[in-house]
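In the text below, chain A, chain B and the rest are named by the order of the sequence lines, each starting its count at 1.
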There are 2 protein chains.
Amino acid sequence: MTASAATDVRASLLAEAPCCGITTPGGLTREQAETSAALLKAVADPVRLRLLSIIRDSEGGEACVCDLTPAVGLAQPTVSHHLKVLTEAGLIEREKRGTWAWYRLLPARLEDVRSIFS
Amino acid sequence: MTASAATDVRASLLAEAPCCGITTPGGLTREQAETSAALLKAVADPVRLRLLSIIRDSEGGEACVCDLTPAVGLAQPTVSHHLKVLTEAGLIEREKRGTWAWYRLLPARLEDVRSIFS
DNA sequence: TCTAGATATTGACGTTCATCGATATATCCG
DNA sequence: CGGATATATCGATGAACGTCAATATCTAGA
């Protein structure tokens, strides 16, 4: 039996299912779901939510690691790790000024998060 | 040294930090962050996003496990597990009719997710 | 160039999580 | 009652994750 034949078999089994009407594929493809879930995973952490919140409420809309580390009460490498996750998700950006690294929100990406559930 | 004295010491160290201005506490408390993160964790999974999507797009706004299991292509206990996570997060509700269990969205809770980033 | 301080990276450890097979529970029907 | 079907629970397993200590990298200033 070929792979596509197996797919057809499953489709027909679905059609015969006693409790179900038409099987809707759902508006979300596997790829879309994985993309959205990856973005949501980046914000589904209490420390990262607090980091975003602190950056947003900081004067000038930016904060350096020397602010963030004591504010969340975790070790500096841990904070650096969380900032990296947020940066790779496109939610914040990093600007190095002198010895310090300043982080700012990227509002467009936060809008992407909102749009997942709209 | 008492615990509160240690807190004072850390506060003074913060005030002395060379790169920082006023240390803003951020609009989010530890508890609020944990509550929001718990809700986000429930939706930060590709399978659960697809389950929500399929339920939303199903006729009558409800779907049974016999629909959902083949639709996501995972084992039935796995789907049951994800539905339990969504139910405990308050995002869906379960109604048993005969042998089948039907799941429906709870829009108010989805609004809670949206409000986290508004 | 050398030292000190700020941040990033690495490696390890314990926990949480997604998944599945086996099994239990519950409902319908003959 | 007994068999068949739908769903939930249990237990195990491997992967992903959060955290930290140690270390590396980079910059400013003497």
Value in whole Å for how far the C1' atom of C:dT25 lies from CH2 of B:Trp100: 17 Å
Contacts of A:Arg56 that satisfy side chain to side chain donor-acceptor pair (under 3.5 Å) - sequence neighbours left out: none
Residues in side chain to side chain donor-acceptor pair (under 3.5 Å) contact with B:Asp45, at least two apart in sequence or another chain: none
Selected nucleotide, minimal atom distance to B:Cys66 side chain, candidates C:dT9, D:dA8, D:dT7: D:dT7
D:dA6 phosphate, OP1 or OP2, under 4.0 Å from B:Tyr103 side-chain N/O: no
N-O pairing of B:Glu95 and B:Arg97 below 4.0 Å: yes
Spacing between A:Asp67 atom CG and C:dG5 atom P, to the nearest angstrom: 18 Å
Atom-to-atom span, NZ of A:Lys84 to P of D:dA16 - whole angstrom: 16 Å
Beyond-backbone contact of B:Ile92 with B:Leu106, side-chain heavy atoms, under 4.5 angstrom: no
Set of side chain to side chain contact (heavy atoms under 4.5 Å, CB included) partners for A:Gln32, sequence neighbours left out: A:Leu28, A:Thr29
Residues which pass side chain to side chain contact (heavy atoms under 4.5 Å, CB included) with A:Thr99, listed by chain and number, not counting sequence neighbours: none
N/O donor to acceptor pairs below 3.5 angstrom from side-chain atoms of residues 68-78 of chain A, sequence neighbours left out:
{"unit_1": "A:Thr69", "atom_1": "OG1", "unit_2": "A:Val65", "atom_2": "O", "d": "2.9"}

Residue-level proximity of residues 91-99 of chain A to DNA chain C when a heavy atom falls under 4.0 Å: A:Arg94, A:Thr99
For atom CG of B:Leu83 and atom P of C:dT19, their distance in whole Å: 12 Å
For atom CG of B:Leu68 and atom P of D:dA6, their distance in whole Å: 14 Å
Contact list for residues 80-94 of chain A, test salt bridge (Lys or Arg N to Asp or Glu O under 4.0 Å), sequence neighbours left out: A:Glu93-A:Arg104
Distance, rounded to the nearest Å, where B:Leu86 contributes CG and D:dA8 contributes C1': 15 Å
Set of residues satisfying side chain to side chain donor-acceptor pair (under 3.5 Å) with respect to A:His82, sequence neighbours excluded: A:Arg48
Atom pairs under 3.5 Å: protein N/O with N/O of nucleotides 18-20 of chain D:
{"unit_1": "D:dG18", "atom_1": "OP1", "unit_2": "A:Asp45", "atom_2": "OD2", "d": "3.3"}
{"unit_1": "D:dG18", "atom_1": "OP1", "unit_2": "A:Arg48", "atom_2": "NH1", "d": "3.4"}
{"unit_1": "D:dG18", "atom_1": "OP1", "unit_2": "A:Arg48", "atom_2": "NH2", "d": "3.0"}
{"unit_1": "D:dT19", "atom_1": "OP2", "unit_2": "A:His82", "atom_2": "NE2", "d": "2.4"}
{"unit_1": "D:dC20", "atom_1": "OP2", "unit_2": "A:Ala75", "atom_2": "N", "d": "3.0"}
{"unit_1": "D:dC20", "atom_1": "OP2", "unit_2": "A:Thr78", "atom_2": "OG1", "d": "2.8"}

